Amino acid sequence: MGGLQKTSVPSNTVAQAAKEDVARDVPQKASRGIDRSAPAPQAAPAPQAAPGPLLHVPPVGGLSQAQMDNAAIIVAVGGKMYLPAEAKIAAVMCSLQETRLLNLASGVLPDSLALPNQGVGWDHDSVGLFQQRPNWGTVPELLNPEYAATAFYKVLVTIPNWWAMPLTYAIQAVQVSAFPEAYAKHEALARQIVTALHA
């Protein structure tokens with residue numbers, strides 16, 4: 001009569017099978033301890049901030065590093081606003097004339113002296129890289145180089161055909177300076193600076 005035959009299994013085979021069952025439940029490690037099991041689900045990556053200005057580009061034209069870094073912020077803001085090189089050159093020309101590319105507090109505005117600055121100017125109540133007055137924004141805003149550059153560009157682009165006129169007159173239309181042609185002498189250096197920052 002045909003019945004089931006009982007066979008014996010060597011004990012070492014049973015032990016090996018038990019080891020394999022345990023191994024399936026333990027993350028697999030490589031020889032250097034790297035986890036080879038399936039990766040755990042990860043959260044979506046956090047949004048990345050837009051790249052900041054290209055700081056610490058070696059200065060050109062006799063500028064200090066602080067001046068060159070301020071120029072980099074001005075140029076970067078123009079880039080974020082998708083403005084052409086001529087707009088960036090105009091903004092750098094303006095700041096060269098107004099403050100030598102330094103972020104100045106005002107000696108007549110005590111509040112401005114308590115904020116980060118790179119020196120003190122005495123042109124009425126004007127502050128910042130572009131020597132903007134309170135109708136341009138609050139003192140903390142105007143001492144923020146990104147805000148100040150943005151404010152300059154926003155007015156520049158409203159000037160009809162600004163790109164077709166000599167840049168000194170385009171700047172004058174924004175700044176309403178007592179010396180409208182004073183910006184012109186900075187054009188060659190401004191072009192050198194903007195070129196270096198685009199390199």
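Just so it is clear, the model here is predicted, and its values are computed rather than measured.
By the 4.5 Å heavy-atom criterion applied to side chains, V174 and F152 are counted as neighbours.
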Side-chain donor-acceptor pairs of residues 155-167 under 3.5 Å, sequence neighbours excluded:
from, atom 1, to, atom 2, distance (Å)
T158, OG1, V155, O, 2.6

Distance-only donor-acceptor pairs under 3.5 Å for side chains of residues 84-93, two or more places apart:
from, atom 1, to, atom 2, distance (Å)
E86, OE1, R191, NH2, 2.9
E86, OE2, R191, NH1, 2.9
E86, OE2, R191, NH2, 3.3
K88, NZ, H198, NE2, 3.4

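Each of Y183 and L102 belongs to its own hydrophobic cluster when Ile, Leu, Val, Met, Phe, Trp and Tyr are linked at side-chain heavy-atom distances under 4.5 angstrom.
Between Q97 and A182, the shortest heavy-atom distance links the atoms OE1-O, 3.4 Å. Scanning both residues, I74 and F130, for their nearest heavy atoms gives CD1-CZ, 3.9 Å. The minimum heavy-atom distance linking E141 with T138 is given by the pair OE1-N, 2.9 Å. The minimum heavy-atom distance linking S106 with S112 is given by the pair N-OG, 2.9 Å. Pairing each heavy atom of A196 with each of M68, the nearest pair is CB-CE, 3.9 Å. Summarising the geometry of N103 relative to G128, their closest heavy-atom pair is OD1-CA, 3.2 Å, with the distance given to 0.1 Å.
A donor and an acceptor atom, one from each side chain of S95 and E98, are nowhere located under 3.5 Å apart.
For R133, the salt bridge (charged side-chain N to carboxylate O under 4.0 Å, His left out) partners are D125, not counting sequence neighbours.
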